[in-house]
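To start, the structure under review is shown below, and the notes come after it.
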There are 2 protein chains.
Amino acid sequence: MNDQDRRSMPLFAIGIVMKLTELTARQIRYYEEHDLIHPERTGGNQRLFSFNDVDRLLEIKDLLDKGLNIAGIKLMLQEEMVETKEVLPKPTSNELSDKELRKILRTELTDAGRHGKTNLRQGELSRFFTNH
Amino acid sequence: MNDQDRRSMPLFAIGIVMKLTELTARQIRYYEEHDLIHPERTGGNQRLFSFNDVDRLLEIKDLLDKGLNIAGIKLMLQEEMVETKEVLPKPTSNELSDKELRKILRTELTDAGRHGKTNLRQGELSRFFTNH
DNA sequence: ACCTGATGTTAGGTTTTCTCACACAATTAA
DNA sequence: TTAATTGTGTGAGAAAACCTAACATCAGGT
């Protein structure tokens with residue numbers, strides 16, 4: 001079992017995720033509804049979150065604080081997905097404009113980061129539970 | 001927040017602990033009842049386990065497999081506690097014989113380990129969720 | 001003033017967990 | 001052998017946590 005497997009293992013009920021992220025259940029479910037996260041489910045349909053999920057939620061929270069809306073956040077996170085994906089589907093014209101958008105957003109945020117709190121970008125929560 | 005804090009942070013409901021350890025709820029509660037573990041509780045009295053708790057449960061399981069009973073296991077784990085404690089209470093005559101017992105047990109187990117499966121001794125589960 | 005997007009709140013139902021009690025098989029003790 | 005003890009299974013009833021769905025609210029933007 002490699003590191004990525006561990007980080008994507010479903011472990012946390014929504015209650016603890018609320019505490020870890022300081023988000024409400026409503027918010028967390030809303031973000032799932034809009035495809036920002038995809039937690040697993042128990043046999044009885046209860047959400048089970050992984051470290052990755054919690055990390056994403058912390059990113060979402062941070063991006064919201066920076067003024068992004070769900071659509072913008074989705075693009076940002078989608079960017080990360082693509083970066084770590086194997087083969088990209090051949091870009092449609094729509095994807096191209098998405099890429100443009102993401103570029104703009106990223107520039108914007110990087111700029112904002114220069115005189116605000118630091119950009120997180122990766123593994124906020126995992127950094128807590130990981131040695132180095 | 002240091003590593004030990006992270007490892008003792010209450011995170012897991014009993015359901016996932018069951019899966020992680022392959023123990024039944026009955027067993028887990030029984031071990032708690034006999035002071036082998038001390039999981040936290042939510043405001044609503046539900047158990048919340050830490051990485052350390054899960055590690056201990058895996059140790060307990062292993063020691064049970066090796067034929068120890070609860071009393072023996074308690075001594076073993078108590079040994080570990082003592083090793084990481086600040087100031088030891090001045091040993092009573094009873095404590096002395098405990099120490100003797102632990103020594104015997106440890107020898108026994110170490111010996112058994114030499115021609116069985118390897119001795120675990122530390123952080124079984126954490127090893128899963130920790131880089132190096 | 002009117003949308004829309006994000007979140008709060010409430011209701012009713014289901015799942016998970018809780019304690020407590022009793023059963024039982026396997027040891028250990030008498 | 002018979003009698004306690006130990007570790008675990010199982011079931012009942014209650015409480016906690018979670019689920020979806022609906023409606024409310026409130027700030028921004030048009």
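Residue numbers begin at 1 in each chain, while the letters A, B, ... track the order of the sequences.
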Does [X] place a side-chain N or O at less than 4.0 Å from the phosphate oxygens OP1/OP2 of [N]?
X: B:R47; N: C:dT17; value: no
X: A:Y31; N: C:dT7; value: yes
X: B:R26; N: D:dG7; value: no
X: B:Y30; N: D:dT8; value: no
X: A:T42; N: C:dT15; value: no
X: B:Q46; N: D:dA17; value: no
X: A:R41; N: C:dT16; value: no

For the pair made of [atom1] in [X] and [atom2] in [N], what is the distance, rounded to whole Å?
X: A:L64; N: C:dA6; atom1: CG; atom2: C1'; value: 9 Å
X: B:L68; N: D:dT6; atom1: CG; atom2: P; value: 15 Å
X: A:D35; N: C:dA6; atom1: CG; atom2: C1'; value: 16 Å
X: B:I73; N: D:dG7; atom1: CD1; atom2: C1'; value: 11 Å
X: A:L23; N: C:dA6; atom1: CG; atom2: P; value: 14 Å
X: B:L48; N: C:dT16; atom1: CG; atom2: P; value: 16 Å
X: A:N69; N: C:dA6; atom1: CG; atom2: C1'; value: 10 Å
X: B:M18; N: C:dT17; atom1: CE; atom2: P; value: 8 Å

(message) Nearest 0.5 Å, please: how far is CG in A:L36 from OH in A:Y30?
(response) 9.5 Å
(request) Drop me the distance from A:L64's CG to A:I73's CD1, to the nearest 0.5 angstrom. (result) 3.5 Å
(request) Kindly say whether A:E59 contributes a backbone atom to a donor-acceptor pair with the side chain of A:D62 at under 3.5 angstrom? (result) no
(message) Applying a 4.0 Å non-hydrogen cut-off, can you work out what A:A13 is touching in the nucleic acid: base, sugar-phosphate, or nothing?
(response) sugar-phosphate
(message) Which residue is it: A:R56, A:E32, A:Q46? I am looking for the one with a side-chain contact (heavy atoms from CB on, under 4.5 Å) to A:P39.
(response) A:E32
(message) Do the side chains of B:D53 and B:R47 get close enough for a salt bridge, i.e. N-O under 4.0 angstrom?
(response) no
(request) Please figure out whether B:G44 or A:H34 has its closest DNA chain C nucleotide nearer the 5' end. (result) A:H34
